[in-house]
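Values in this document were obtained by computation on a predicted structure and should not be read as measured data.
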Amino acid sequence: MTEWTVNQQTIGEKIVVFNPGKTLDNSNAHQMVEAITEAQNRGYVFIIVDMSDLEFLASAGVGSILGTVEISREAGGDIILCSIQDTVQHVLNVLDLTDYFTITKDPAEAIAKYGE
Amino acid sequence: MNVNTTPNISLNVPSQLTPGNVTDFEDKLSSVLRNCQENIAMDCSALEFVTSSHINLLWAAHLQCADDGITMYLQSPTAGLIRVLKVLDLYDVFEYTNEGTFAVTSNEKPVFDNSLRPSYRDHIPADRESIDKALIDFMNFLSGGGLPELTEFELRTIFYEVTTNIRLHSGISEKDRMEFTVKVGDRRIILEFIDSGMPFDITSQNLELEPRLAGQRRQKRGIGLNMVHKLADRVSYTRQDNSRNIVAIEKHWE
């Protein structure tokens, strides 16, 4: 079985855009944490998570972001969630995370807001 | 095709087929058909393990009913039966009934109604691939049942979180099986998960998730149960015979 890797694209020296695909659950949450951590260690202070393809966000997926966001924030950056589908938005609403996470309509809005 | 109809009579399809009970089944069917019932249901809720003999029996009954102008429905098909029918490309040949799956209880308070009959059952090995497959089967069962899309999504999430929690934390091996049962009432559904792992009372956990605190703690775990409780209308836990955990989750919709 091919190891899952998150689709990522860097923009400048401080921004990276991740697209985790259709699901973020126990099968790939660990790799998501590793990818976020690696990006943070490489100095990408703004990590944009493009959720346009994401149909299912399990608790492990939530944890992969919740467990890493403060590291970005302490470095003066953030993890920004964007293009969230209704079902994923529902999960974030249920968990009361919509005020805690930074959310934009799409990656372009996040890049415009946080880019250099 | 699922239909909201009320078959006039229901015949139980035996889980174990012997020459004796096959003959008995065929005799009962012939007797029922002689009384010119408009439709008939084959109660398949006992078919945990499906053999070619079961398929032959159902196919023969289907043809016999068709010859007599009577509609035959498969009632409460198990996940195993649905899988076999789809593999054999026979799923769309049969009609399926919601009678016995949707009880009229519109004014009833949300209680766990033990009078509801199981309308879906599965025995799921506790490995990731089997859980993923079982989830697909469960979603196939739900689709076409008239549930709102959001409710289906919430049930998917509940199923995933509970089975994954059992897989990861109950101590059972990947060869062990969880039992999964669904009971459906009028705009409500009860999911029951049974495993033979360590005692774990899902209702006694501290479920508060304070986002800022969780973020500061770098919290990655313990969110699943929070999700289950927030998505469900009622959750219960029972430890049975000092050997089985039974988690029952009830969900309503408008």
S.K.: To the nearest 0.5 Å, what is the distance between CG on A:Asn26 and OH on B:Tyr160?
M.R.: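 Between atom CG of A:Asn26 and atom OH of B:Tyr160 there are 3.5 Å.
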S.K.: Side-chain contact, heavy-atom cut-off 4.5 Å: A:Glu70 with B:Arg212?
M.R.: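 They are not in side-chain contact.
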S.K.: Tell me if the CD atom of B:Glu149 is crowded by more than 12 foreign heavy atoms within 6.0 Å.
M.R.: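 No, the 6.0 Å shell around CD holds no more than 12 heavy atoms from other groups.
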S.K.: Quick one: pull up OG in A:Ser59 and CE in B:Met227 and give me the separation to the nearest 0.5 Å.
M.R.: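 One finds 5.5 Å between OG of A:Ser59 and CE of B:Met227.
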S.K.: Identify which of A:Thr68, A:Asp25, A:Leu57 forms the greatest number of heavy-atom pairs closer than 4.5 Å to chain B.
M.R.: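 Of A:Thr68, A:Asp25, A:Leu57, A:Asp25 has the most heavy-atom pairs under 4.5 Å with chain B.
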S.K.: Side chain, backbone, both or neither: which part of B:Glu210 has a heavy atom under 4.5 Å from chain A?
M.R.: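 It is neither, since no heavy atom gets under 4.5 Å.
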S.K.: State the CG-CG distance between A:Leu97 and B:Leu209, to the nearest 0.5 angstrom.
M.R.: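 Output value for this atom pair is 6.0 Å.
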S.K.: Is A:Glu55 in contact with chain B via its backbone, its side chain, both, or neither, using a 4.5 Å heavy-atom distance?
M.R.: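 Just the backbone, heavy atoms under 4.5 Å.
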S.K.: For A:Asp86, I'd like to know if atom CG has over 12 heavy atoms of other residues, nucleotides or ligands within 6.0 Å.
M.R.: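 It does not: A:Asp86 CG has 12 such atoms or fewer within range.
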S.K.: Report yes if the side chains of B:Arg218 and A:Ile71 come closer than 4.5 Å at any heavy-atom pair, otherwise no.
M.R.: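 B:Arg218 reaches A:Ile71 side chain to side chain.
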S.K.: Under 6.0 Å from the six-membered ring centre of A:Phe56 and within 45° of its axis: does the NZ or CZ of B:Arg156 meet both?
M.R.: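 Geometry flag: set, cation within 6.0 Å and 45°.
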S.K.: With rounding to the nearest 0.5 Å, note down the distance linking CG in B:Leu231 to CG in A:Leu95.
M.R.: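 Those atoms lie 7.5 Å apart.
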S.K.: Just wondering, do B:Thr157 and A:Val94 contact through their side chains at under 4.5 Å, heavy atoms?
M.R.: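 No - every pair of side-chain heavy atoms lies 4.5 Å or more apart.
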S.K.: Take atom NE2 of A:His30 as the centre, draw a 6.0 Å sphere, and report whether it contains more than 12 heavy atoms from other residues, nucleotides or ligands.
M.R.: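 No, because the 6.0 Å sphere around NE2 of A:His30 holds 12 heavy atoms or fewer from other groups.
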